[in-house]
Trainee: 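I have a structure here, written as structure tokens, and I will follow up with some questions on it.
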2 protein chains.
Amino acid sequence: MAEPEKKTARRRRLPSAERRQEFINKAIDFFAEEGFESSTRGLAKRLGVTQPLLYRYFPSKEDLISEVYETVYVHRLKPDWTEMITDRSQPLEQRLNRFYEVYTDAIFDKTWLRIFLFSGLKGVDINRRYVELLRERIIEPIVDEARHEFGLDPETAKDDELEFAWVMHTGIFYYGVRKLIYEATVLEDKTRMIEDAVAAFLLGLRRKMVGGSGTGPS
Amino acid sequence: MAEPEKKTARRRRLPSAERRQEFINKAIDFFAEEGFESSTRGLAKRLGVTQPLLYRYFPSKEDLISEVYETVYVHRLKPDWTEMITDRSQPLEQRLNRFYEVYTDAIFDKTWLRIFLFSGLKGVDINRRYVELLRERIIEPIVDEARHEFGLDPETAKDDELEFAWVMHTGIFYYGVRKLIYEATVLEDKTRMIEDAVAAFLLGLRRKMVGGSGTGPS
DNA sequence: CACCTTATTTATCGATTGAAAAATAACATC
DNA sequence: GATGTTATTTTTCAATCGATAAATAAGGTG
């Protein structure tokens, strides 16, 4: 009465290169949701293939994870970010607003943020490299441009100025974390959030660099 | 020739209450370092006891983890934080500087930050509750005090003002993450970092609330 | 159609996991 | 010092882990 029940599952037999990339892409989503401690069997199930097949394409789970990191981080890197910040044909405030609009469009992605946070907690090397890259290509250029704006020597950026830029940057960054990771209620107007942060940053930086209006109401 | 090799390890046989608390306290450090996926055997080894003993005190690994969360979060809660912010006998800027000095002293701890970040990624309920508590006891009071300072109705705090306070707050918070989790080089002068952030926050907020000095240099 | 390559599955291994059951020894009390 | 309680260890189990070896079938080439 029961049907013949063909046991052997259909095999799609994709060419190697595509298959490999498909595995990596879906592994990114999988590990971002479940964490890197999740099993290769769970991943294979989601992929619709058997678990040993993964080992045809990656020598070990760790190698697969490395490729996940590499792909995730590399794909978000836009080399023209620095140019957006240093393009003096526009006012600095406008440049920063535009940059953070674009930057947050790139990284405010649930998968990316989770991978970033996971890798940071694990002390993975690529996370450190990314943070260093941020400093070189974003934080330092921002402070340099601000010093230029205020007529100071760009070469002598102070540590507290860089720190101040970090605080603004990570404050904006964490808006995405609160929204997409903690799923908290945030201001829906992202542009407004950025403009307020950038404006306060420049106000505060000018106060630090060239003195100026105090803070108290008196 | 070999010595008698007494097999049975010495047993300390601590009273139940102390033992339990000792387990929780050391479990906090253990899971903060190794992550919550680490084995109960690894934990027992660090505790200097056998693994099944853990199950005398906690019905399951998950129950132990819950106690870890509870202990970590509860121990950091200082109910007088709100009072520090709302004590109008001092200028607001001074209050905020003092509050963030104390607050960061409390949470800039490698173990606490790691547990917080882990629990956030896992979507644990207590993390959400903590963030909501932050809003009620810190973020909203800050904005209310600022509105009072600028002669506005404290009851009509706008969403963008709360968001702006969040950005400053999380920017300060992330200074600790960069230093203790990413082990990045940060400005050693924490007080300076706080003062700059708070000053810029108040400058920016006054600009938002009552208008005032623009940002551009012209 | 025959043949070869290789993508994929089946089956399995040893290690490790959370957890339970049973044995044992430390301590309190009389 | 005998006795009962219970903290602790020893032993063990079933499930799951990453990984390997062998069997199988899909597809290309002649």
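Every heavy atom of this structure was used, including side-chain atoms; hydrogens, water molecules and symmetry mates were not. Letters go in sequence order (proteins before strands), and every chain restarts at 1.
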Trainee: Please report, rounded to the nearest Å, how far the P atom of D:dT9 is from the CZ atom of B:Arg19.
Mentor: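 That distance rounds to 7 Å.
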Trainee: Could you check how far CG of A:Leu47 sits from P of C:dA7, rounded to whole Å?
Mentor: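 About 16 Å, once rounded to whole Å.
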Trainee: Answer yes when B:Glu195 and B:Lys190 have at least one side-chain N-carboxylate O distance shorter than 4.0 Å, and no when they do not.
Mentor: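 Here B:Glu195 does not pair with B:Lys190 in a salt bridge, since their nearest N and O are not under 4.0 Å apart.
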Trainee: Nearest to the side chain of B:Thr40 - C:dT9, C:dG18, C:dA19?
Mentor: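 Between C:dT9, C:dG18, C:dA19, the one nearest the side chain of B:Thr40 would be C:dG18.
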Trainee: Under 4.0 Å: is that the gap between some side-chain N or O of A:Tyr57 and OP1 or OP2 of C:dT8?
Mentor: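 For C:dT8, OP1 or OP2 has a side-chain N or O of A:Tyr57 closer than 4.0 Å.
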Trainee: Looking at A:Glu22 and A:Lys26, does any basic side-chain N land under 4.0 Å from a carboxylate oxygen?
Mentor: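 A:Lys26 and A:Glu22: salt-bridged.
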Trainee: Could you give the NZ-to-P distance, from B:Lys61 to C:dA20, as a whole number of Å?
Mentor: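 Rounded to the whole Å, the gap is 14 Å.
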Trainee: For the pair made of CG in A:Leu53 and C1' in D:dA21, what is the distance, rounded to whole Å?
Mentor: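 In whole Å, D:dA21 C1' and A:Leu53 CG are 15 Å from each other.
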Trainee: Are the ring centres of B:Tyr100 and B:Tyr175 closer than 6.0 Å?
Mentor: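 Ring centres of B:Tyr175 and B:Tyr100 not closer than 6.0 Å.
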Trainee: Out of D:dG18, D:dT9, C:dT10, which has the shortest distance to the side chain of A:Pro52?
Mentor: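 Closest of the options to the side chain of A:Pro52: C:dT10.
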Trainee: Nearest-Å distance, CZ (B:Phe23) to P (D:dA7)?
Mentor: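 Going from B:Phe23 (CZ) to D:dA7 (P), I get 11 Å.
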Trainee: How do A:Arg56 and A:Arg41 order along DNA chain D: which one's closest nucleotide is nearer the 5' end?
Mentor: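 It is A:Arg41, whose closest nucleotide lies nearer the 5' terminus.
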Trainee: How long is the line joining CZ of A:Phe58 and P of C:dA7, in whole Å?
Mentor: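 Taking atom P of C:dA7 as the reference, CZ of A:Phe58 is at 13 Å.
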Trainee: Specify the separation, in whole Å, of atom CD of A:Glu62 and atom C1' of D:dC17.
Mentor: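 Roughly 15 Å, once rounded to whole Å.
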Trainee: Can you figure out which of C:dA19, D:dG18, C:dT17 approaches the side chain of B:Ser39 most closely?
Mentor: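 Closest nucleotide to the B:Ser39 side chain: C:dT17.
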Trainee: Counting heavy atoms from C-beta on, name the nucleotide in C:dT8, D:dG18, C:dG18 closest to the side chain of A:Gln51.
Mentor: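 The closest nucleotide is D:dG18.
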Trainee: A:Leu54 has an atom CG; how far is it from atom P of C:dA7, in whole Å?
Mentor: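 The answer, rounded to whole Å, is 14 Å.
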Trainee: Are B:Tyr69 and B:Phe118 an aromatic pair, judged by ring center distance below 6.0 Å?
Mentor: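 Here the rings of B:Tyr69 and B:Phe118 have centres that are no less than 6.0 Å from each other.
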Trainee: Could you tell me if the ring centre of A:Trp166 sits under 6.0 Å from that of A:Tyr174?
Mentor: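 Here the rings of A:Tyr174 and A:Trp166 have centres that are no less than 6.0 Å from each other.
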